[in-house]
Novice: 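Handing you this structure, nothing more for now.
As the structure is a prediction and not an experimental result, all values here were calculated from the model. Within every chain, numbering begins at 1; the chains are lettered A, B, ... in the order of the sequence lines, protein sequences first and strands thereafter.
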Amino acid sequence: MTAMAQVPAANLRGVLVVRGDLRSQTGWSRATQALVKLMQPHFECVFGIDLHYSPIVSVLPAPFRLIGERDIDLLTEANVKLTLLNMCLPHEFRFVPDAHNIGYFFWESDKPPPSLGWTELAGLMDQIWVPTDWQREIVADWMRRVDRGTDVRVVPWPQETAEIPAASSDWAPRLAVHRILTTVELEHLAPTEEACEARQRVPRFGPRIAAGVQRRRKHMVLDGTACELDLATPRASLAFAVQTDVPRKGLPVLIAEWLQFRSNCPDAILLLKLSSIDVTKDRTTLHTWLSRIVRRLSASIGVPDDGILVCYDRLTDATLAACYRAATTFVSASFGEGFGGPIVESLIAGTLPLMPAHTACAGLLPEDYPFRVESRPVIGKLVGELPLYPPAGSWHVAVEGAIARRLSELFSTAPEMRSQVLRACQQHLRDAFGADVVAPLVASALSALENPA
Amino acid sequence: MPLWLDMSPTVVNRTAIYHIARDTAGHLAPMVAGYRFGTDVRAHFDLTRPEEQTIRQDVLGKIEALGAPRSTKERARRLMGVPARPQRRPRPRMLLFDPLYVLFEPIDNRDIVFVLDLTTLSHPEWHAPHIAALYARAFDRLLDSGAHIVSISTHTTASLRANFGLCSQNIVTVPLYARETLLASAPVKPQAVLDEPFVLFVGSLELRKNVVGLIQAFDISGVADQGLHLVIAGGEANDGPRVREAARAARNVHVLGFVSDGELRWLYENALAFAYPSYLEGFGVPIIEALKFGLPTLGAITGAVPEVAGPLAILVDPYDLQSIADGLTTLVENATQDTEKQRAARRSRAREYSLPNYLRVLSSTLEGSE
């Protein structure tokens with residue numbers, strides 16, 4: 001019997017309209033699909049409104065029939081029993097009178113943006129669903145401040161955990177990557193010492209001296225060179241990171257910590273999957289940005305060879321899973337997470353994550369997880385941060401050296417011990433976020449909509 | 001190795017950095033070989049007023065030229081005397097009090113640069129666009145150079161780490177101090193101040209200081225109904241017109257403009273409480289001055305104020321008017337029941353941020369970075 005069959009339907013029967021990011025590969029889109037899969041049995045049909053269509057990122061087929069915003073009016077005019085799931089940030093919520101209105105959002109900060117009317121719009125919803133306890137507390141606090149008794153519930157992003165760890169596979173592709181700051185040796189023709197002296201004796205605007213050259217070799221540090229990484233080759237110290245260029249993801253901190261760690265572990269390799277949320281940024285722009293960060297930090301920390309391989313390609317799920325599997329750890333220095341999807345991906349692939357435990361991602365790992373990284377709150381706006389984030393909100397920055405220390409500890413931990421820790425993490429994931437655990441929460445929330453206390 | 005001090009900030013502004021640069025120069029004199037103003041180097045810095053004015057025009061002209069369009073870059077370079085390529089000749093180490101001035105001459109990893117805050121990068125909207133653009137270039141140059149950074153608070157250090165990954169090898173935190181010269185002036189009552197109890201704000205009328213937010217929160221808090229006034233002391237800056245307009249629309253709000261040290265001392269000595277809900281402070285010198293005078297104090301949860309004032313200040317969200325208003329109500333309630341013990345605790349806190357402490361940490365930093 002499947003998990004869904006065990007869940008009694010909330011007896012709503014009607015139409016579910018899902019508004020959100022429906023066709024991309026983002027966490028939002030994946031979470032929407034996973035959640036709607038659990039909601040679907042409670043409704044006669046499901047329609048979707050794709051709020052964030054982009055020809056570049058909306059690459060997946062629509063999971064349900066798409067309609068437009070105006071079609072909601074038609075449905076209400078036809079007296080259809082309507083439930084609206086707003087799977088988006090609160091300023092995009094739509095409130096429909098005479099419908100059940102649910103707002104579901106991921107958020108990384110402890111405060112709402114100062115001027116987008118989030119609390120007012122969220123206050124209109126019949127229920128607010130959030131993925132973790134951390135968000136429930138902060139959103140409930142926002143609601144109290146505007147005297148709204150909105151029902152705020154934890155409905156986690158359901159995870160298909162039944163296959164852990166059987167999902168592991170031996171398939172390991174070769175990955176096209178760039179090695180950052182590659183030192184190359186070049187042969188060039190330099191003037192001999194005699195020629196230099198002769199040149200100095202010639203008046204400034206005199207004839208050029210062409211004679212007297214010698215072959216010499218010199219080192220040049222390039223921003224990077226293209227190469228391949230064979231994921232099938234076993235490596236003792238490979239760390240994997242999935243990063244975007246948004247400031248809260250803390251890439252410079254990760255690089256600094258990596259370089260500190262690598263000064264003691266010169267064979268270690270960091271495989272960095274880097275992308276930008278700005279679709280106009282190409283890989284050259286990203287590469288220039290990254291290599292400048294690495295160049296600055298490696299000079300100041302004094303690590304000449306950084307051991308960083310970066311991949312800018314969009315990877316399939318299978319290739320991404322192979323990257324996780326090939327690595328000993330998934331590492332991140334993120335300052336705030338709305339959920340922490342890569343941690344889940346990492347655990348499902350059988351790789352231990354290593355990152356500061358804060359905001360929503362704190363709950364993804366067991367309390368006694370030995371590779372938690374200590375972090376401290378920093379209140380304020382980051383350089384280049386999206387204007388969406390509250391300027392008085394908190395970010396959580398890893399304590400200096402903490403990630404480097406944890407990397408050393410993790411790499412020196414015996415494989416049997418790592419496997420034991422991994423199994424505990426996977427069990428925690430099943431217990432807290434498994435689809436069979438979330439399904440009753442969904443049913444209960446939908447029942448409460450029909451029969452409010 | 002000989003040390004030069006970049007004194008350019010002392011001729012172009014009168015904010016905290018002016019006092020820091022002058023105090024530092026005064027106390028480090030035995031180890032200083034020269035003082036740079038823009039690109040001119042002199043053996044002394046005790047400038048007379050007319051000479052200071054000349055240098056001021058020169059430095060401002062050079063800053064202006066730095067922001068000139070590309071077509072006039074050469075002209076700017078000639079004006080500044082900056083060589084087209086980094087100088088190869090050995091030069092003394094340079095201590096700069098503001099990152100902006102790294103644009104004047106090449107710097108390298110022997111130099112030391114003060115970073116007060118990152119607001120020109122994180123909140124460019126608070127600054128003139130061309131100044132924010134110059135700072136963006138200056139920070140790029142500073143970070144590429146590998147120069148040592150002196151940060152004035154743990155918050156600024158944490159911001160440098162969060163944004164650029166910098167670690168303790170590159171940054172040292174040297175907290176600022178309350179000016180001693182403030183107590184050297186005899187107190188003078190400003191003419192515009194009435195004989196009524198008042199809450200004090202001290203700071204230039206710039207957007208970053210959130211003076212308009214303070215005035216509006218003061219108005220909605222209702223403390224004016226209790227006969228309280230809000231006195232704002234500080235020089236003109238980019239938010240001056242809005243501040244004056246807000247003050248006109250509110251009750252019991254008085255904008256004094258720039259005040260002398262004697263007037264400032266009188267204000268601190270006679271205020272009921274001190275309110276400073278600035279959006280972001282790299283350190284918050286007025287907070288420490290208010291604590292030095294034992295005043296009940298309100299500050300913001302952002303920036304360095306929480307670490308400087310510690311548990312002795314009421315902290316509010318500066319972006320939330322209601323939060324400031326509630327904080328003001330509590331501040332006034334607390335102030336009316338204030339005890340000598342509480343005042344002593346505040347003074348004691350302020351003593352932790354003294355000029356000798358600052359100089360001791362700075363001197364050891366200079367020695368350690370040689």
Side-chain angles (χ1 to χ4, degrees), chain A residues 110-115 119 142 145-146 247-260 263 289 292-303 333-336 375-385 387 389-404, chain B residues 108-109 117-126 132 135-136 139-149 154-171 208 210 213 277 279-282 300-307 315-323 326:
Chain A
D110 54 349
K111 287 192 162 49
S115 58
T119 46
W142 301 351
R145 283 166 186 265
V146 291
R248 77 172 168 88
K249 291 289 185 180
L251 184 62
V253 173
L254 176 64
I255 300 291
E257 292 286 318
W258 174 258
L259 293 172
Q260 281 185 31
S263 60
W289 174 71
R292 190 168 198 183
I293 292 172
V294 177
R295 200 181 277 266
R296 280 172 180 168
L297 292 172
S298 59
S300 67
I301 295 170
V303 181
S334 175
F335 305 156
S375 62
R376 297 217 177 103
V378 175
I379 297 178
K381 193 177 161 192
L382 300 165
V383 175
E385 187 170 277
Y389 289 109
S394 305
W395 294 120
H396 303 263
V397 182
V399 169
E400 186 178 336
I403 293 178
Chain B
D108 59 40
N109 57 9
D117 58 59
L118 298 183
T119 60
T120 47
L121 305 179
S122 60
H123 300 77
E125 67 279 10
W126 292 344
Y135 270 97
F139 270 99
D140 268 343
R141 192 169 206 182
L142 169 60
L143 296 168
D144 285 340
S145 73
H148 295 273
I149 291 175
T154 308
H155 177 265
T156 299
T157 304
S159 299
L160 284 162
R161 173 166 164 72
N163 287 294
F164 306 115
L166 297 182
C167 41
S168 48
Q169 282 158 292
N170 312 92
I171 316 172
R208 179 170 64 94
N210 193 22
Y279 288 129
L280 200 148
E281 288 296 311
I301 56 169
T302 52
V305 172
E307 77 185 70
L315 300 179
V316 298
D317 179 351
Y319 293 88
D320 182 347
L321 279 186
Q322 195 55 53
S323 172
D326 293 346

Novice: Name the option with the most non-hydrogen atom pairs under 4.5 Å to chain A; the candidates are B/G165, B/G146, B/S159, B/P318.
Specialist: B/G165
Novice: Please state whether the side chain, the backbone, both or neither of B/D317 comes within less than 4.5 Å of a heavy atom of chain A.
Specialist: side chain
Novice: Which one, A/P390, A/A299, A/G250, A/A392, leads in non-hydrogen pairs under 4.5 Å with chain B?
Specialist: A/A392
Novice: Could you grab the distance from atom CG of A/L251 to atom CG of B/N163, nearest 0.5 Å is fine?
Specialist: 12.5 Å
Novice: If you define the side chain from C-beta out and look only at heavy atoms, does anything of B/Y279 sit under 4.5 Å from A/P391?
Specialist: no
Novice: For the residue pair A/I301 and B/C167, establish whether any side-chain heavy-atom pair is separated by less than 4.5 Å.
Specialist: yes
Novice: Do A/K381 and B/E125 sit within salt-bridge range, that is, some charged N less than 4.0 Å from a carboxylate O?
Specialist: yes
Novice: Out of B/T154, B/L118, B/N170, which one racks up the most heavy-atom pairs below 4.5 Å with chain A?
Specialist: B/N170
Novice: Among B/L121, B/L280, B/D320, which has the most heavy-atom pairs under 4.5 Å with chain A?
Specialist: B/L121
Novice: Heavy atoms, side chains only, cut-off 4.5 Å: are A/K111 and B/I301 in contact?
Specialist: yes
Novice: Counting only heavy atoms closer than 4.5 Å, note whether B/S168 contacts chain A via side chain, backbone, both or neither.
Specialist: both
Novice: Within a strict 4.5 Å, meaning less than it, do heavy atoms of the A/R295 and B/L143 side chains meet?
Specialist: no
Novice: Counting only N and O atoms by type, is there a donor-acceptor contact under 3.5 Å from the side chain of B/R161 to the main-chain atoms of A/A398?
Specialist: yes
Novice: Quick one: what part of A/I293 sits under 4.5 Å from any heavy atom of chain B, side chain, backbone, both or neither?
Specialist: neither
Novice: Starting at CD of A/E400, measure out to CG of B/L166 and round the result to the nearest 0.5 Å.
Specialist: 9.5 Å
Novice: Relative to chain A, which segment of B/N109 carries a heavy atom at a distance below 4.5 Å: side chain, backbone, both, or neither?
Specialist: neither
Novice: For B/A162 versus A/V397, what's the shortest heavy-atom pair and its separation?
Specialist: CB-CG2, 3.8 Å
Novice: Closest approach of A/P252 and B/F164, non-hydrogen atoms and distance?
Specialist: CB-C, 3.5 Å
Novice: Salt bridge or not between A/R292 and B/D144? Use side-chain N to carboxylate O under 4.0 Å.
Specialist: yes
Novice: Which heavy atom of B/A158 sits nearest to which heavy atom of A/V378, and what is that distance?
Specialist: CB-CG2, 3.8 Å
